[in-house]
S.K.: 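I have a structure here, written as C-alpha cells, and I will follow up with some questions on it.
For the numbers below, each heavy atom of this structure counts, side chains included, while hydrogens, waters and symmetry mates do not. Naming convention: chains lettered A, B, ... in sequence-line order (proteins, then strands); numbering from 1 in each chain.
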Protein chains: 2
Amino acid sequence: MKYNQVTIKDIARELGISPSTVSRALKDHPDISPQTKKAVNELAEKLNYQPNIVALSLRQSKTNTLGVIIPELVHFFFSTVISGIEDVAYSAGYNVIITQSNESLQREKTDIKALFNSRVDGMLISVSRETSSFEHIESILAKGVPMVFFDRVYENANSSTVIVDDLSGAKEATQHLIDQGCTRIAHLEGPPNLGITKQRLEGYVQALNENKMPVQKELIVSCPLGTIEEGKIAAEQLLKMPNRPDAIFATNDPAAMGAMQAIKEAGLKIPQDIAVVGFSNWFFSSLLEPPLTSVDQPGFEMGQEAAKLLIRQIEFKSKDNEDPAPETKVLKTRLIVRDSSLKKGKPKK
Amino acid sequence: MKYNQVTIKDIARELGISPSTVSRALKDHPDISPQTKKAVNELAEKLNYQPNIVALSLRQSKTNTLGVIIPELVHFFFSTVISGIEDVAYSAGYNVIITQSNESLQREKTDIKALFNSRVDGMLISVSRETSSFEHIESILAKGVPMVFFDRVYENANSSTVIVDDLSGAKEATQHLIDQGCTRIAHLEGPPNLGITKQRLEGYVQALNENKMPVQKELIVSCPLGTIEEGKIAAEQLLKMPNRPDAIFATNDPAAMGAMQAIKEAGLKIPQDIAVVGFSNWFFSSLLEPPLTSVDQPGFEMGQEAAKLLIRQIEFKSKDNEDPAPETKVLKTRLIVRDSSLKKGKPKK
DNA sequence: GTGAAAGCGCTAACAC
DNA sequence: GTGTTAGCGCTTTCAC
C-alpha cells in the first residue's frame, strides 16, 4: 500500500539535482546556494512534500516519540496528566504515544513491549494497580530506555519520578477535619501495594498523633478497588459501629462518593453528622463540581514535570554516555474546601 | 542514541547464518529447516530479540498504526470512544496514536499533518468545534489516506462515517418530556456549524410537531460553547420570561448542569417546576451519576465501529486498487431516565 | 534449504 | 556548492 507520497527523490529528479542537495536545502544547510534553496523549497511547497518520519527515525535511530503508559484514560486526573505531557513534548519536538494498561499487569507488559518495539525514545509510566513485580520494567530499563515514573511509581528503579506529596495532603485533610471539631475520623484505605496508599495512611496517622488523638484500628477500612460500591460497603460497616465515626477521610473520590451514598441512605446528614473528604486521584471532570471537599492533585503539572525530566534524560544520553542522576519531583496538593462537606457550627479547636 | 537493541544481524552472526535466513525462520517460513528454526527462535528468546517496527514500517510502507484526532480527551464520551478504537485496533494488529485538537482548528491542522508525517495507515477523525472549512482534510484525503469520521463528521467527504442517531435521540427525549406533561419545552442549542446541533434541534422540532405543539422561537437559545456557565446564563434568560418554560432539553450535559444551577438559584424545583434533560455528548464519568435524565451516547461501540470501517478500508486498499464504497453507520442512543429530573404526578398525556 | 543483493526514504561522511 | 556512497533494520526476489 503506497499512497501518493512525495519524496526527496521526486524533488531531486524534477530539479535535476541530487537527493542529498535537496535534503540539505530543506534543512537550510549553509553550504547550499540561495537559488537552489529557493527552487527546492518552492517545489516542495508546490508538491506539498511532507518528510517521512519513519525513514528519519530509522536513519537516526531516534523516533522523537515518548511512550506513555497509564492505568486508565477515563479518569480526569490521568487525562490531565496527558495534556501536561503533550504540552511539553510538542514544544520540544516530540510526539506522544499513549497506551492504557486498564489496571492490568498483563496489559502493562504488552504495552511496554509494544512501546519498545516502536522504539520510543523514552517512556513515562504510571503502574497499574496490579503491578507488584517489576521484571517487565527492568528488562526494558536494562536495554537502556530512559523511563520516568509518575504518580504510581516504581520506587526501586534508578529512574526519575514525579509524585504528589500525598503524605502532606492527607495530613492537611485530616487536620482540616480535626479543626472542624471531628474526633472520630475514619480512613478508607487504598490498594495495599501502592506507595500512595501508605503515604495517605501515614499522613492521616501523623495528623492524629500531632493532635494527641488515638489511632483506632477499627476506624481504618481497606478499599483496594477504587469503586463507589466499595466505599459504600466500607462506610456501611463503619456506620454500624456502636460508637460511629463523625468524619471519613477517603483515599480516593469514588470511595468518598460511596461513603456519602451510604451516609445519606442511613438518614444522616453530611457534614453535620459525618463529614467527608476525598482524595482526587480519581477526580471526575473539570466541568463538574463533586459535592465533597477533597485533596486536589495537580495532574497537568505532573505531566509537564515528568515529560521535562524524561526529555532531559533522553537528550543528555544522546550527547554524553553517562546517565544523568535520577531526580524526584514532589508536587504539592491543594485542599479544596466545599462547605457542603464541612461540619458547621463546631468551634475551631 | 542507540540502545542495546538486538537485531536480526546479531542473531545471524552468532549462529553463522545469514540475516535473511533468520528473518524467514522467525516468521516460520516453510522453506527453513526445523533445526534452523529451533536454533533461531531459541537464541531470539535468549537475547530477548524484539523486532524493530520502524524498520518494518519503512520496508513495507505500512506502519500498522491508526491515527486518531479527537477534540478533547477529558470528556468521558471521547475517552470511551478511544477504548473502543483500541479494542478493535489491537486485536487486528494495529497500534493507535491519539492526538487532541483541543477544539482548535489550528491544532487540528497540525495534528493531521503530524499523523500524515508519521505515515499512519489511516485516520479516525472527530472534527473540532471550530472546523467549518475542510481543505486541510481534503489535502490529506487527496494523498489517498483512508479516513473515517465519527460523531462530529465531515459530511461532504467521500469517506465512511459513524454517527449517533441524534435526531431520534432528541425526539425521544422531547417526547419523554411531553409524556410527563410538559407543555412549554425550551431547547438549549449547540454550536451552529456542527451537524449534531441541527439534528438535535430537528428531533426536538419533530417531537413538538407530532404532538401538535407549537415551536416557539423564544424557547430556543443558543449555547455554542458547551460550558456550564453558558447553560446557566441561557436558563436565566429563559426564567425571566413572563411565561417561563416548564422543561429544558439541553443540547449537552454541561448546558443542562448550568441550567439546573440557574433553576435552583431561582428557588425553583427540578423536576416539579422545570424538568431538565441533557444530551450526554459530554457525559462525565462512569463513576458518577449526574443528577439529570439524559440521552446516552454509545462511545465504546462508536469507537469499535469506526475502527472496523477504517481497517476494512485499509486492508481493502492494500489488496485491490479500488476504494470500497463509503459507509455510514448510525448508532442508537439510549434515554437514561433518573427520577430526579422528571415531573412527577402529572398524568401521561 | 540458504545466501546475496536490492531497496523502503532519508542523512551524513567523504569526495571533488 | 554539489554529487556519491553507505547504511539505519528489515524483507523479498532471485540465485544456487
S.K.: Please tell me if B:Ser23 has a side-chain N or O lying less than 4.0 Å from either OP1 or OP2 of D:dC10.
M.R.: no

S.K.: It should be established whether A:Lys62 places a side-chain nitrogen or oxygen under 4.0 Å from OP1 or OP2 of nucleotide D:dC8.
M.R.: no

S.K.: How long is the line joining NZ of B:Lys27 and P of C:dT2, in whole Å?
M.R.: 17 Å

S.K.: Apply ring-ring contact (aromatic ring centres under 6.0 Å, His included) to B:Phe300 and list each qualifying residue two or more places apart in sequence or on a separate chain.
M.R.: none

S.K.: Without placing hydrogens or testing angles, list every side-chain donor-acceptor pair under 3.5 Å for residues 17-25 of chain A, not counting sequence neighbours.
M.R.:
{"unit_1": "A:Ser18", "atom_1": "OG", "unit_2": "A:Ser20", "atom_2": "OG", "d": "3.0"}
{"unit_1": "A:Ser18", "atom_1": "OG", "unit_2": "A:Thr21", "atom_2": "N", "d": "3.4"}
{"unit_1": "A:Ser18", "atom_1": "OG", "unit_2": "A:Thr21", "atom_2": "OG1", "d": "3.1"}

S.K.: Using the rule given for side-chain contact (heavy atoms from CB on, under 4.5 Å), can you reason through A:Val127 versus A:Ile137, listing the C-alpha separation, both sets of side-chain angles and the distance that settles it, and then say yes or no?
M.R.: CA-CA 10 Å; A:Val127 302; A:Ile137 294 177; 4.1 Å; yes

S.K.: Can you pull out every ring pair (Phe, Tyr, Trp, His ring centres under 6.0 Å) where at least one residue sits in residues 120-146 of chain A? Sequence neighbours excluded, please.
M.R.: A:Phe134-A:Tyr154

S.K.: Within the structure, does a side-chain N or O atom of B:Ser18 lie under 4.0 Å from either OP1 or OP2 of C:dG3?
M.R.: yes

S.K.: Would you please confirm or rule out a distance under 4.0 Å between OP1 or OP2 of C:dC10 and any side-chain N or O of A:Tyr49?
M.R.: yes

S.K.: Of the candidate nucleotides D:dG3, C:dG9, D:dC10, which contains the atom at the shortest distance from the side chain of B:Thr7?
M.R.: D:dC10

S.K.: Below 4.0 angstrom, which residues in residues 29-46 of chain B have at least one non-hydrogen atom near DNA chain C?
M.R.: B:Asp31, B:Ile32, B:Ser33, B:Thr36

S.K.: B:Ser61 side chain N/O closer than 4.0 Å to the phosphate oxygens (OP1, OP2) of C:dC8?
M.R.: no

S.K.: Please set out all donor-acceptor pairs under 3.5 angstrom arising from side-chain atoms of residues 30-37 of chain B, sequence neighbours excluded.
M.R.:
{"unit_1": "B:Ser33", "atom_1": "OG", "unit_2": "B:Thr36", "atom_2": "N", "d": "3.3"}
{"unit_1": "B:Ser33", "atom_1": "OG", "unit_2": "B:Thr36", "atom_2": "OG1", "d": "2.6"}
{"unit_1": "B:Lys37", "atom_1": "NZ", "unit_2": "B:Asp28", "atom_2": "OD1", "d": "3.0"}
{"unit_1": "B:Lys37", "atom_1": "NZ", "unit_2": "B:His29", "atom_2": "O", "d": "3.1"}

S.K.: Hey, which of these two, A:Pro19 or B:Arg24, hits DNA chain C nearer its 5' end, going by closest nucleotide?
M.R.: B:Arg24

S.K.: Considering only side-chain heavy atoms of B:Lys9, which listed nucleotide, C:dC10, C:dC8, D:dC8, is closest?
M.R.: D:dC8

S.K.: For B:Asn64 and D:dC10, give me the distance from atom CG to atom C1', rounded to whole Å.
M.R.: 14 Å

S.K.: Is the cationic atom of A:Arg119 (NZ for Lys, CZ for Arg) positioned less than 6.0 Å from the six-membered ring centroid of A:Phe116 and within 45 degrees of its normal?
M.R.: yes

S.K.: Respond yes when some side-chain nitrogen or oxygen of A:Gln60 is under 4.0 Å from OP1 or OP2 of D:dG7, and no when none is.
M.R.: no

S.K.: Given the rule that a pair is Watson-Crick or G-U wobble with both distances under 3.5 Å, how would you write DNA chain C in dot-bracket, using | for pairs to a different strand?
M.R.: ||||||||||||||||

S.K.: On DNA chain C, does the nearest nucleotide to A:Leu56 precede the nearest nucleotide to B:Val22 from the 5' side, or the other way round? Give the residue.
M.R.: B:Val22

